[in-house]
Amino acid sequence: MNMKHILRSVLLSAIGLALLGWVSFWFTTLNAFGPDGESDLLQWYFNKLVQKEEITSSGMPWEELAVSLYNLLAQMTTALLSTTVVAALLWSIGSHFLNVNAPGKAKFYFIYWIIFTGIFMAIVVGIVFWFTKSAAFNAADYLSDDGVIIISAVSFIYYFLVYYLGILLGTARFARSSILFGNKIPVSELL
Amino acid sequence: MKNYIIGIGGTGAKCLEHLLHCCSAGLGPNNLWAGMVDQDEANGNVSRTKILLNKYINLRSNLRNESRNDLTKKSNLFKTNITANADSVWLPMKGANPTLEELINYNLLKPEVKGLMDCLYDPDELKQNLSEGFRARPNIGAAAILSTTANEDDIFWSQIYKAIDAARGGEEVRVFIISSIFGGTGASGFPNIARRIKQIQKDKNVASNFHLGGALMLPYFNYEVPEENMEGELFAKPEEFLDQTKGALQYYSKLFEHEPIFDQVYVTGWDPLTKLPNFKMGGNLQKNPPLFPELYAALGALRFFSEDNQISDKQEILHIGKNESNDILWSDIPNVSNNLNSKKDISKLIRFAFSYNWMYGPALTGGWSKIKKYQNENWFKRLIYKNTYNTDTKACEVGHEHNQEIISSMQEYCQDVLTWITDMQYSTIADTDQKMDLVASDFFSEFKDKNSSERIKIKEKLNETEKNQFNTLINDNKNLKLLNVMSNICYQRIEKDQKGLGVFMDILFRSCEQ
């Protein structure tokens, strides 16, 4: 297999990942620095993600819980982004080894892509589930049902999109018919 | 530089067949005029080469058309611009059923000359119908060839005159003659045609820029002659080949010593002799298989034409043959020059023929309604759709007649390449202790050695397991898979001036190299 083609795929995949992935990176950094006084983000977390009544009745200081919540989100998004990057790069490299040896054969590997993507999404769900139900973070106990749904839904959709852009650009040219809308990519010597 | 090649007799024609395949692989010079000499016009070997020559010329002109389909000058596929006369075969003796008696007007000869002719020729030889060649009688062939005129009006000889005129004009000209040393047409034609060319050169006072080369095939095959119905027939007897060769070599030894007509002579032989499965005296049934030693003669010719070949004033005699081992390998194939690697280019052509014949040719055959299922695939969009799209009609024209003609001609040519290499591999070693392992051909072809009309049958379709054996097709320890070819065609750079189907053909050819 031509290493030049594989390296090209890795580079294109990295570009695809970066198109949306920078948001996750920025969000992780923001959370890693911890709560910043009366920021809008902190207020939004309080309004949308946690059980306000429970926190008030338990006497737990919100400032203390917020540190734990920021920590939880920073670690969770790091895990999710890493998984997404690894999955997209794995597919991009692996696509060069799919046995597309004749015209019209690439589409038969769509099933491979569905299975691979299914596994990736299951890992995303697993990561979100582990962090939101984890005993390692205090804040996890105070997340509201709506909060868990928001975190899960946003993670599910957002990281799928990051992954999809990564593999859309990174998949080997000859295997593009094996991914959803892959053959819609215009013919260009750059892509 | 202008190059000319003349294949004399059945062996000469067969060597030209190898040379044509080498030229399509990119081993040939930039231009070449090709002609054949054979009294047996209907000979199966000659007509096979004639058909192949026409296929080559047509396919090349279709794929090197600057306005429509262009491979570009940089492409090595069908690199050599081969030209030929409308009828590429020159018959020394014209007429329906010529005999030597008629040719020399035997009945009108003076009694003393008649007596001399009777000493030189048997009555059978004088009366023998020569429409099927000289039947391994070089004495008949020599008389026949010498009795013809070599003037500028003759379509065949006019090319030689043009070549010598070009040399006089300062252009480098190389002429190469291939034939067997045994047999009839070749044995008689080789020295006589060469001497006649030299005579024209001398008459025209051309002392430089003109080089004459030749390849002589020593015995490399034999066959069993059936005992029935052969009484009174004149035919090439294999048991006489060695004696004929001995005599001929003594003749050439003297000739080259006193009259060095050739600048370079390539001598090829083979031991053990290949046993041909069937015997035919001549005519269209004489379709002998391509054999490995003939490839040596073809590569010798290409070496002679190579720009790296510095021809000295001293006559050079180069010889090649089988090595001591009974295994025939890729390493036994010599390179044409330092820049032209025979093994690399021939194996690339074979891989191209395989992948085109079973993978890409069928995908591109038919109307748009059949082909359009590939329209979203990268290779198709990049190499076919974009380059056969008509902006006026706003449609991809790959399914149109003019493109379909090229696609099917290429498929036919690819089958010729696969048949050629397979037949050569099977036939060279048949009934001997030799082993030839150039290509693994069992999985895509069948060999029927008893059936002369179709010795090799190339499978119409391959199953998945057979397709996956592509990486073992060439025994060169490389592991190029069909997947790699597919990958390569999606990434290979398209040259700026490439057009139409030329883009796909050249990229596929380049993609078949590891």
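None of the values given here were measured: they were computed from a predicted structure. The chains referred to below are lettered A, B, ... by the order of the sequence lines, with proteins before strands, and numbering in each begins at 1.
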Calculate, to the nearest 0.5 Å, the distance between atoms [atom1] and [atom2] belonging to [X] and [Y] respectively.
| X | Y | atom1 | atom2 | answer |
| --- | --- | --- | --- | --- |
| A:K4 | B:Y491 | NZ | OH | 11.5 Å |
| A:K105 | B:Y374 | NZ | OH | 12.5 Å |
| A:R176 | B:N376 | CZ | CG | 12.5 Å |
| A:R173 | B:E377 | CZ | CD | 14.5 Å |
| B:N378 | A:L191 | CG | CG | 9.5 Å |

For atom [atom1] of [X], decide whether the heavy atoms of other residues, nucleotides or ligands shown that lie under 6.0 angstrom number more than 12.
| X | atom1 | answer |
| --- | --- | --- |
| B:N338 | CG | no |
| B:F443 | CZ | yes |
| B:E401 | CD | no |
| A:Y112 | OH | no |
| B:K459 | NZ | yes |
| B:N390 | CG | yes |
| A:K48 | NZ | no |

Review point. In terms of heavy-atom pairs under 4.5 Å with chain A, which of B:M359, B:Q375, B:K467 leads?
Key: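 If we count pairs closer than 4.5 Å to chain A, B:M359 comes out on top.
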
Looking only at heavy atoms, which two atoms of [X] and [Y] are closest? And how far apart?
| X | Y | result |
| --- | --- | --- |
| B:C490 | A:F174 | SG-CB, 3.6 Å |
| A:V187 | B:K381 | CG2-CB, 3.3 Å |
| B:M486 | A:P103 | CE-N, 3.7 Å |

Exercise for review: Indicate whether the side chain of A:N101 and that of B:N468 have a donor and an acceptor atom separated by less than 3.5 Å.
Suggested key: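 Side chains of A:N101 and B:N468: pair found under 3.5 Å.
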
